[in-house]
Amino acid sequence: MYDVVISGTGLYTPANSISNDELVHSFNTYVAQFNAENAAAIEAGQVQALTESSAAFIEKASGIKSRFVMDKDGILDPQRMKPRLPERSNDEWSILCQMGVAAAEQALQRAGKTAADIDGVIVACSNLQRAYPAISIEIQSALGVQGFGFDMNVACSSATFGIQTAYNSIKLGQARALLVISPEICTAHLNFRDRDSHFIFGDAATAVVVERADLATSEHQFDVVSTKLLTTFSNNIRNNFGFLNRTAEEGEGTPDKLFVQEGRKVFRDVCPMVAELVGTHLQENSLNVGDVKRFWLHQANLSMNHLIVKKLLGRDASVEEAPVILDSYANTSSAGSVIAFHKYQDDLPSGALGVLSSFGAGYSIGSVILRRK
Ligand SMILES: CC(C)(COP(=O)(O)OP(=O)(O)OC[C@H]1O[C@@H](n2cnc3c(N)ncnc32)[C@H](O)[C@@H]1OP(=O)(O)O)[C@@H](O)C(=O)NCCC(=O)NCCS
């Protein structure tokens, strides 16, 4: 058995960002057009009028102020309301590969490693753009990594589940170092015509180098103290898109083939589960929650994160203890907690404890206890 560290992290942030005001303007233009086109039917009670969205509501309900996106124009066009990401030939890198490679290169650089030091690539994310070949194998080839690659999907918890998978392989001596990469184009599965959720998601990619401790040389090392995962089935976050859709024509193009959630129920169910899992995980490792210097939490909703840390600490957390990136990134699914980790780790002193925790559809929850080298 080998000791395991995270020795480098990387982040790819798309060039364009959409503010709440821009998003709401596009949504409300769509609402005005819909209501005008359906005025007679609305008047006759046959069609329900749509209601406007509000930037003030979005920020108050979620903490989100803006989001980075792979295509701004397509999303903001009221006639389209979805990103336009043109098909690429099979000879070009796929878009998920391109994002993943950019994040991976930064993670390798921070880890002080090259592709020759890596034995495999795990792509862990919510939405894979094709069935096969695996995106991970494409990234493996693009980086020039020898070894193996596979894709896995545990929705918003994909990265922590991927880190546990990498940790186990490295602990067992099956690999010296693995890359866990989370490319997320969440805007492509978001229904921008749904007032309840049109503001939720953004796009980004992260990468983490998980490595055998005795081989690691970087200044950015964190011991992986322990990992713990939990899943409980729920339909409260669901997306019915899949390869069987074409076999049931009656359901093609209906809203359930995109992201759908019961946001309030998710909030209510998930907060206590996360606090319980992280608290138990720390106890099992004979660690006090009061000694945790940083919580890098999944970035879906600011109040949710406040509540979770309050349940754990018995008091409000400072922004240093529970850093926020969802204000400018929105929910980037599995990438979110890793973005927080990537951006808010260098100031921690040697020996400082931190917890990386994700939560989301499934339900799925991951907890990774880390100690700064
Ligand atoms: C999605 C979320 C931000 C919504 O916030 P909320 O406070 O639960 O809001 P609700 O959906 O209950 O709506 C509250 C009110 O705002 C209104 N509202 C909803 N969307 C609105 C919008 N875009 N603009 C203005 N008002 C809106 C609703 O109609 C409702 O009005 P009412 O009280 O008159 O009925 C929040 O539930 C959330 O983030 N939940 C957790 C989600 C999560 O973690 N998911 C994981 C995904 S991976």
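Note that ligands are numbered from 1 as they come in the structure, with each ligand's atoms numbered from 1 the same way. This is a predicted model, so every value here is computed, not measured.
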Checklist entry - According to the side chain to side chain donor-acceptor pair (under 3.5 Å) rule, which pairs have a member within residues 56-65, sequence neighbours left out? => result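 Side chain to side chain donor-acceptor pair (under 3.5 Å) check on residues 56-65 returns no pairs.
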
Checklist entry - So which pairs with a foot in residues 254-269 pass side chain to side chain donor-acceptor pair (under 3.5 Å), sequence neighbours left out? => result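 Pairs touching residues 254-269 that pass the test: N236-D269, N240-D256, T254-D256, T254-K257, D269-Y363.
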
Checklist entry - So do the side chains of N127 and C125 get within less than 4.5 Å of each other, counting heavy atoms only? => result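 N127 vs C125: side chains apart.
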
May I have a table of the N/O to N/O pairs between ligand 1 and the protein that fall below 3.5 Å, each row giving the two atom names and the distance to 0.1 Å?
unit_1	atom_1	unit_2	atom_2	d
ligand 1	7 (O)	R264	NH2	2.7
ligand 1	8 (O)	R264	NE	3.0
ligand 1	12 (O)	R264	NE	2.9
ligand 1	12 (O)	R264	NH2	3.4
ligand 1	23 (N)	S53	OG	3.0
ligand 1	23 (N)	R195	O	2.9
ligand 1	24 (N)	S54	N	3.2
ligand 1	26 (N)	R195	NH2	3.1
ligand 1	29 (O)	R195	NH1	3.1
ligand 1	37 (O)	G263	O	3.3
ligand 1	39 (O)	N301	ND2	2.8
ligand 1	40 (N)	G263	O	3.0
ligand 1	45 (N)	Q261	OE1	2.8

Next on the checklist: A cation-pi test, strictly: NZ or CZ of R193 under 6.0 Å from the centre of the six-membered ring of Y30 and no more than 45 degrees from its axis. Yes or no?
Outcome noted: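 Satisfied, under 6.0 Å and within 45°.
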
Next on the checklist: As a test of understanding, state which of D117, I118, I6 forms a side chain to side chain contact (heavy atoms under 4.5 Å, CB included) with V209.
Outcome noted: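 Filter result, single survivor: I118.
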
Item to check | Set of residues satisfying salt bridge (Lys or Arg N to Asp or Glu O under 4.0 Å) with respect to R176, sequence neighbours excluded | outcome: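 Partners of R176 by the salt bridge (Lys or Arg N to Asp or Glu O under 4.0 Å) criterion, ordered by chain and then number, come out as D119.
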
